[in-house]
Enquirer: 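Quick one: structure below, then a few questions.
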Amino acid sequence: MKQSTRWDEFATELDFMSLPVAKHAVRRWVRYGETSDGVLFYCETATGAPMRFRASVVREDVVRFRVGPELAGTRESEMLAPEALADSCPFEIEETEEAVVLSTARLRVVFSRFPWQVRAYVNGAELPFFAERVDDRAYGPAYEAPPLSISEGRGEERRVCHEAVAVQPGEAFYGFGEQFNALDKWGREIVSWAIDCGNVTSTRSYKNVPFFMSSAGYGLFLHSSAPIVYRIGSESAVSYSFDVLDEELDYFLIYGP
């Protein structure tokens, strides 16, 4: 009945230290177009390869981000409630010399042209509550936390999606589903992949939920049932990151302290 799990079948692909993430990192947006629910950016990676980034307004305090080379149409998913995404929400798009700004009644999301970076603010606030980290470097081309990028996995036609986010001093993180450890997950590396846990003395878990909350006042829901590795301050003191073994990166930024 009990079989050992071949962690190396997918965990090695999520080991960013062995992947050339630098050349796949999104560097800038070249042009953009307004969509019915937000904005679509046509971006370039460090090698000049095309990458698309779509921001969709779901609610005045919820924005969905999708990243990938192609970004096909709506993906079939039992993880989302279609009725929750059906209603449109008013928004405005403004372009400056350095960025494009998407605004709702409650939030302001800034997309810097070069270097690429996403920052989200509560309207009227001077400091962002959420900001991508693009410069958390180690020695040479390596990163302590790899920035927004999609690299090739070791399997045939497999991809690994990377994202890094800046943290504030004393920030705490909660969620991720069933975990047999401290409530605050800061400083931990979490493998999100359902497995027979057997007991409560390991990091294995039956109930992995790709959602977590930050004490900075927001939550992230990763729309993926693929293996995910979260590094919540385990590799860097100024960033957290997550790596997803999926064709594209798809997550919801939810504001609500």
Enquirer: Under 3.5 Å, is there a donor-acceptor pair linking the side chains of S112 and R119?
Expert: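 A donor-acceptor contact under 3.5 Å links the two side chains.
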Enquirer: Show your working on side-chain hydrogen bond (donor to acceptor under 3.5 Å, both in side chains) between R64 and S56 and close with a plain yes or no.
Expert: CA-CA 5 Å; R64 181 183 186 180; S56 302; over 6 Å; no
Enquirer: Could you state the interatomic distance from CE (M51) to OG (S149), rounded to the nearest 0.5 Å?
Expert: 7.5 Å
Enquirer: Provide the closest heavy-atom pair for F111 versus A55 in the form atom of the first, atom of the second, distance.
Expert: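 Closest pair (atom of F111, atom of A55, distance): CZ-CB, 3.6 Å.
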Enquirer: So that I can tick it off, tell me whether E60 and R106 are bridged by a salt bridge, with the cut-off set at under 4.0 angstrom between side-chain N and carboxylate O.
Expert: no
Enquirer: Taking all heavy atoms of V191 and all of N208, pick out the closest pair and write down the distance.
Expert: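 Result for this residue pair: O-OD1, 3.7 Å.
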Enquirer: Side chains of W186 and V167: closer than 4.5 Å at any heavy-atom pair?
Expert: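 Yes, at least one pair of side-chain atoms sits under 4.5 Å.
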Enquirer: Report the C-alpha distance between E132 and E163 in whole Å, list the side-chain angles of each, state the deciding distance to 0.1 Å, and finish with yes or no for side-chain contact (heavy atoms from CB on, under 4.5 Å).
Expert: CA-CA 8 Å; E132 286 183 322; E163 178 66 295; 2.6 Å; yes
Enquirer: Report yes if the side chains of I254 and L220 come closer than 4.5 Å at any heavy-atom pair, otherwise no.
Expert: no
Enquirer: With a 3.5 Å cut-off and no angle check, do the side chains of S241 and H162 form a donor-acceptor pair?
Expert: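 Not at all, the side chains of S241 and H162 share no donor-acceptor pair under 3.5 Å.
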Enquirer: Begin with the C-alpha distance, continue with both residues' side-chain angles, and end with the deciding distance and a verdict on ring pair (Phe, Tyr, Trp, His ring centres under 6.0 Å) for F211 and F221.
Expert: CA-CA 4 Å; F211 172 78; F221 169 66; 7.1 Å; no
Enquirer: Between Y121 and R108, is there a side-chain donor-acceptor contact under 3.5 Å, judged purely by atom types and distance?
Expert: no
Enquirer: Quick one: do V109 and V118 satisfy side-chain contact (heavy atoms from CB on, under 4.5 Å)? Show the steps, please.
Expert: CA-CA 7 Å; V109 186; V118 178; 3.8 Å; yes
Enquirer: Looking only at the side chains, is there a donor atom on one of T47 and T45 sitting less than 3.5 Å from an acceptor on the other?
Expert: yes
Enquirer: Report the C-alpha separation of Q179 and I190 in whole Å, then their side-chain angles, then the decisive distance to 0.1 Å, and conclude whether the side-chain contact (heavy atoms from CB on, under 4.5 Å) test is met.
Expert: CA-CA 9 Å; Q179 297 288 320; I190 301 169; 3.6 Å; yes
Enquirer: Any sub-3.5 Å donor-acceptor pair from R159's side-chain atoms to E247's backbone N or O?
Expert: yes
Enquirer: Can you tell me how far the CG atom of D246 sits from the OG atom of S225, to the nearest 0.5 Å?
Expert: 7.0 Å
Enquirer: Does the side chain of I228 come within less than 4.5 Å of D243's, by heavy atoms?
Expert: no
Enquirer: Please report the shortest heavy-atom distance between V62 and L107, naming the atom on each side.
Expert: N-CD1, 4.4 Å
Enquirer: Are F173 and Y240 near enough that their ring centres are under 6.0 Å apart?
Expert: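 Distance test on ring centres: under 6.0 Å, yes.
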Enquirer: To check you understand the geometry: which heavy-atom pair defines the closest contact between G217 and Y255, and what is its length?
Expert: O-CD1, 3.3 Å
Enquirer: Closest approach of C89 and V58, non-hydrogen atoms and distance?
Expert: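 Closest approach of C89 to V58, heavy atoms only: CB-O, 4.2 Å.
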Enquirer: Does a side-chain heavy-atom distance below 4.5 Å link L148 with I150?
Expert: no
Enquirer: Around atom CD of E92, are there more than 12 heavy atoms from other residues, nucleotides or ligands closer than 6.0 Å?
Expert: no
Enquirer: Does the side chain of E44 pick up a donor-acceptor pair with the side chain of W116 at under 3.5 Å?
Expert: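 There is no such pair between these side chains.
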Enquirer: Anything under 30° is parallel, anything over 60° is perpendicular, the rest tilted; go ahead and classify F252 against H223.
Expert: perpendicular
Enquirer: Any donor-acceptor pair under 3.5 Å linking the side chain of D136 with the backbone of P147?
Expert: no
Enquirer: Does any non-hydrogen side-chain atom of F91 lie less than 4.5 Å from one of S103?
Expert: no
Enquirer: Is the shortest heavy-atom distance from the side chain of E248 to the side chain of V244 under 4.5 Å?
Expert: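 When only atoms from C-beta onward are counted, V244 and E248 do not touch, as no gap falls below 4.5 Å.
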Enquirer: Could you measure the distance from the OG atom of S224 to the CE atom of M79? Nearest 0.5 Å is fine.
Expert: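 Answer rounded to 0.5 Å: 6.5 Å.
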Enquirer: Quick one: which of V67, V39, D37 gives a side chain to side chain contact (heavy atoms under 4.5 Å, CB included) with R54?
Expert: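 Result: among V67, V39, D37, D37 is the only option passing the side chain to side chain contact (heavy atoms under 4.5 Å, CB included) with R54.
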Enquirer: Determine whether F41 and V134 fall in the same hydrophobic cluster, where Ile, Leu, Val, Met, Phe, Trp and Tyr are linked whenever their side-chain heavy atoms lie under 4.5 Å apart.
Expert: no
Enquirer: Counting C-beta onward and ignoring hydrogens, is there a side-chain heavy-atom pair between Y174 and L183 closer than 4.5 Å?
Expert: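 Yes, close enough: below the 4.5 Å cut-off.
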Enquirer: Are R113 and W29 in a cation-pi setup, meaning NZ or CZ lies under 6.0 angstrom from the ring centre and within 45 degrees of the ring axis?
Expert: yes
Enquirer: Is the shortest distance from a Lys or Arg side-chain nitrogen in R137 or E144 to a carboxylate oxygen in the other one below 4.0 Å?
Expert: no
Enquirer: List the steps, then state whether side-chain contact (heavy atoms from CB on, under 4.5 Å) holds for Y230 with S192.
Expert: CA-CA 8 Å; Y230 305 91; S192 181; 3.7 Å; yes
Enquirer: Ignoring hydrogens, what is the shortest heavy-atom contact between E189 and S234? Give both atom names and the distance.
Expert: CB-OG, 3.8 Å
Enquirer: Once rounded to the nearest 0.5 Å, what's the spacing between atom CZ of F242 and atom SG of C161?
Expert: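 Here the interatomic distance stands at 9.5 Å.
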Enquirer: Does any donor atom in the side chain of E171 or S214 lie under 3.5 Å from an acceptor atom in the other side chain?
Expert: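 The answer is yes; a qualifying pair exists.
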Enquirer: Is it true that L40 and V101 fall in one hydrophobic cluster, defined by side-chain heavy atoms closer than 4.5 Å?
Expert: no
Enquirer: Go through the structure and list residues passing ring pair (Phe, Tyr, Trp, His ring centres under 6.0 Å) with F65, not counting sequence neighbours.
Expert: F53, Y251
Enquirer: Should the pair Y218 and F130 be assigned to parallel (<30°), tilted (30 to 60°) or perpendicular (>60°) ring geometry?
Expert: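 Aromatic pair Y218/F130 classed perpendicular.
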Enquirer: Is there a chain of hydrophobic side chains (I, L, V, M, F, W, Y, each step under 4.5 Å between heavy atoms) that links L253 to V110?
Expert: no
Enquirer: Is the closest side-chain donor-acceptor distance between Y32 and E95 under 3.5 Å?
Expert: yes
Enquirer: Got W193 and L245 here, is their nearest side-chain heavy-atom distance under 4.5 Å?
Expert: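 Not in contact.
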Enquirer: Is it the case that the side chain of R133 and the backbone of V238 share a donor-acceptor pair, with hydrogens and angles ignored and the cut-off at 3.5 Å?
Expert: yes
